[in-house]
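Side chains included, hydrogens not; waters and symmetry mates left out as well; all remaining heavy atoms used. In what follows, chains are A, B, ... by sequence order, proteins preceding strands, each numbered from 1.
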Amino acid sequence: MKCSKWVFLVCGLALVLAQLASAIDKPYEGISADELMRIKYYIKHTKFAKDYQSTGHVWLITKRGFKRHRKFLRSRITLNRESDGIDYKDMVVFTEPGNVKGLAILTWTYIDPKKEQDAWLWLPSLRKIRRISQSQADDSFMGTDFTTEEITLRRWEDETYEIIGNEKFKGYHSEFTGKTYYEGLDCYLVEAKPKRKDWYYSKRIVWIDKNTGASIYDEIYDPLERKARTLFREYQEYQKGYLPQTLLECKNVKTGHKTIITFDEIKFDSGLKEGLFTEKTLMRSKW
Amino acid sequence: MKRRFSKFFTFCVVVLMASSVYGIDVSENVTISGVLKNETASHLKLDEFMKIENTVQVGVEYRPADYLHLFGLFRFFYDGVFDAEKQYEPVKSELYRTDVTNDWLRELYVDLLSDRLDVRLGRQQVVWGTADGVKVLDAVNPTDMREFTLDDYADSRIPLWMVKLEYAPTLNGSFQFLFIPDFQANYIAPVGAPFAYRASQLGQANVVNWLMAGGSVSFNEDVKPDPWKDLSDTTIGFRWLDVLGGFEYTLNFLYSYYLSGANYSWWEPALMGPPNPFVNTLNLQKRYERIYLYGASFTKALTEGPLSGLTIRGEFAYIQDVPTYYGTDGQVAGPPVKLDNFNYVLGFDKSLVTNWSASLQFIQFITSKDSYQGNELLFGPTLGPMDQVTTMLSLKLSTDFMHERLKPEVLVIYGLDNDWKISPKVQFEILDSLVAVAGLHIFEGEPQNLYGQFDERDEMFVELKFGF
């Protein structure tokens, strides 16, 4: 049931995508590391839009340049409902390539950060729906360079934080798009260390935009304190002042493998109904 | 052997070439998608192919409006094993291509969609239950068992013409109603096919022996329901599905037929003593008896606590009036008797260490009696003695390497009668649309048992699948 990792990749992207920076707290002079990261996570988990739709593309690229591609359609509705504790619901349907076409995933995410998601998978090859369990936190996400924890599970309470400096971001050059991003952007540098012992990373250094509080770049270090991976995020200002994430790049420094995720055809507040996020909808799938 | 494999590799090259040029443009409301597939299986010990099947499957979806969708799925295959292997030639006409179960039209339906009510009219598959490798609630559509249970269920399920209504009176609650004015039986591989049941072989041997003794046989036409002519032959099903606090459950009911059919035999004139080949004619007939299935299922994903990440699921079916054979090993003592069955499966799914996941199932098939008129009950597919309670365990382990390009998996099903099926396989994504699979199906056990009857039919297989 490795398909389940796709589930959590994409529904995790729900969290990441939800980095909408309009009506939220902003960093201020003298802010503490804890407070800064709380804002960062607040951005990550806050959904200002009532609903969201987009088309996503994932490229998995080896060091030698061999590319694999997936395309999916994603819908999300924000509920933040106390009665049943549901924060939001997600529906993802893969449309390419043929061997995953039709794979559809429904997830319910809870307000309580300690409660894992509920997820259902439509398996087109079996014509049936399967309830699935969440992957291990240090699992690769659907074969990407992200871990499950990075996409869905990591919470503010999982790490300790320290501001280790301020600097102008040197810029991130994407070989995929050929562009250089955020050169000269004023950033806080935060060192984040996992509370969990013997974990797959020893620390990460996070560049946080002083203006919005959004994290734009991570360096992730392995247990031997060697740089293992880098993670870049681009945001594009959208209608209503929303600031969704439109590009993610994660590189494995050791293997040279990288994962690129892009989002386009983004729509907010288009009036999606909660009834769309049910098994009844999954059963409508043809493939 | 070399010549055969060279043919297969030629096919691979053609598919590879196709993969670099294939591409279909579709309009905004039309989607066309399909699969080209070669499946080749070879006997593990003998120099013998068991399958050389080439399949084309094309699906077309047309969405003239948000509430109206039309869908068709068409499949054609040709199994060259019936040309390549002389021992299978006698059954070639029945098995080598799609005609047998008339299922080239895999699906053809129209969807009428609304917030509360979805209606699907046409030829389709309906799947109840989620168990791996066994069917408990998945009883709506008949099954094509030409390859025993080795085929994907979506491929082996025989579609039926029906009306399916899905009405959602609450947000997560959904009531399904099935009206099926169509009937098709399970397709059982004939004697001479790679996966013919032991029961079929024994039945044929009995007939041959009777003929050799100078007797005559009358093959009477099967008594098949015909709902198109008589509405009372219709199959009807209901299912209620709901999710309460993360606990999902279904309640199911199906008024259907025992789809494998029941074989009846009698002598004419009626026997006054032992059958005499020079006096009595052996009459054979297959009949399809009504059954009532009362079912339920549940799934619960534990999302907090020490067992967080564990999914527990259960599937239960109480089936009334299942035709059951009795007698001694391989020998039926009389016409099938109707008994009740209670079948269930409990499943536990969990991600283990990094990138490994496991699925464990506990399965039981229980018959309402342990014997009949002093005879042992017989297991339908083998006519071997059947315990009142048959217990099985299954374990599925899977992982991945190379960023999920390489995916090994193994499914082991074990019956407490020391009856095994072990199916390891490895899938490799060559290109985005081109996937290769290689694996084994290994059977172990006594011929009286489900898997043991194929103890000498172990196979290795490769598949090459191009999706577009």
Side-chain angles (χ1 to χ4, degrees), chain A residues 1-2 4-6 60 62 67-70 84 95-102 108 110 112 114-120 123-140 142-145 147-148 200 257 259 273-281 283-284 286-287, chain B residues 33-35 59 61 69 71 73 107 111 113 115-116 118 125 127 129-130 138 152-154 157 166 168 171-172 174 241 243 245-246 248 299-301 303-304 308-311 313 349-355 357 359 396 398-400 402-405 407 429 431-433 435 465-468:
Chain A
M1 186 63 64
K2 302 311 287 186
S4 62
K5 288 194 205 160
W6 277 103
L60 306 171
T62 65
K67 289 182 186 173
R68 295 151 70 205
H69 172 243
R70 275 95 176 92
D84 56 7
T95 57
E96 293 178 18
N99 66 359
V100 296
K101 184 180 177 66
W108 296 359
Y110 294 91
D112 181 353
K114 291 178 182 168
K115 199 170 177 184
E116 292 183 358
Q117 293 160 320
D118 273 318
W120 292 261
L123 295 161
S125 62
L126 302 176
R127 288 284 193 281
K128 68 182 178 185
I129 295 170
R130 187 77 181 261
R131 193 83 175 264
I132 50 175
S133 58
Q134 191 139 353
S135 305
Q136 291 287 104
D138 58 344
D139 273 4
S140 160
M142 290 174 62
T144 70
D145 293 280
T147 64
T148 303
Y200 70 94
H257 195 277
T259 300
K273 293 178 180 173
E274 192 181 352
L276 185 68
F277 299 85
T278 60
E279 284 193 58
K280 178 166 161 279
T281 306
M283 285 185 280
R284 289 176 177 174
K286 315 290 191 296
W287 306 101
Chain B
S33 191
V35 171
E61 183 183 10
H69 297 178
F71 182 73
L73 187 67
E107 294 178 37
D111 269 347
L113 309 173
D115 288 347
R116 291 281 185 203
D118 286 358
Q125 298 181 25
V127 183
T130 60
D138 188 0
D152 281 347
Y153 282 159
R157 217 175 274 120
E166 196 82 42
L171 180 62
N172 299 311
S174 173
L241 162 74
V243 183
E248 178 186 328
T299 59
K300 171 69 180 168
T303 55
E304 46 195 341
S308 177
L310 175 70
T311 299
R313 54 191 163 80
D349 306 327
K350 180 90 171 78
S351 288
L352 302 173
V353 293
T354 305
N355 280 5
S357 60
S359 179
K396 185 172 164 183
S398 58
T399 186
D400 67 86
M402 300 170 67
H403 295 269
E404 287 199 3
R405 217 175 156 199
K407 295 181 180 177
E429 188 179 312
L431 299 169
D432 279 340
S433 297
V435 173
K465 187 163 71 172
F466 170 64
F468 58 90

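With a 4.5 Å cut-off on non-hydrogen atoms, R157(B) touches chain A through its side chain but not through its backbone. Within the 4.5 angstrom heavy-atom criterion, only side-chain atoms of E107(B), from C-beta onward, approach chain A. Contacts of V243(B) with chain A are made by side-chain atoms alone, with heavy-atom separations under 4.5 Å and no backbone atom involved. Within the 4.5 angstrom heavy-atom criterion, atoms from both the backbone and the side chain of E166(B) approach chain A.
Remark: the backbone N or O of L276(A) is paired with a side-chain donor or acceptor of T281(A) at under 3.5 angstrom. No donor-acceptor pair closer than 3.5 Å links the side chain of R131(A) to the backbone N or O of W120(A). Put simply, the side chain of T147(A) never gets that close to the backbone of S140(A): no donor and acceptor are under 3.5 Å apart.
A donor and an acceptor atom, one from each side chain of H257(A) and D145(A), are located under 3.5 Å apart. Using modelled atom types and a 3.5 Å distance limit, the side chains of S359(B) and R313(B) yield a donor-acceptor pair.
When A154(B), G129(B), G467(B) are compared by the number of non-hydrogen pairs under 4.5 Å with chain A, A154(B) comes out ahead. Heavy-atom pairs under 4.5 Å with chain A peak, among D152(B), L73(B), N172(B), at N172(B). Considering only heavy-atom pairs separated by less than 4.5 Å from chain B, the leading option among F277(A), W108(A), Y110(A) is W108(A). The choice from E279(A), H69(A), R284(A) that makes the most heavy-atom pairs within less than 4.5 Å of chain B is R284(A). Interface check for chain B: of the options K280(A), M283(A), K128(A), K67(A), the most heavy-atom pairs under 4.5 Å are formed by K280(A).
Every residue two or more places apart in sequence or in another chain that forms a side-chain contact (heavy atoms from CB on, under 4.5 Å) with D115(B) is listed here: K273(A).
The minimum heavy-atom distance between D432(B) and R68(A), with the atom names listed, is OD1-CA, 3.1 Å.
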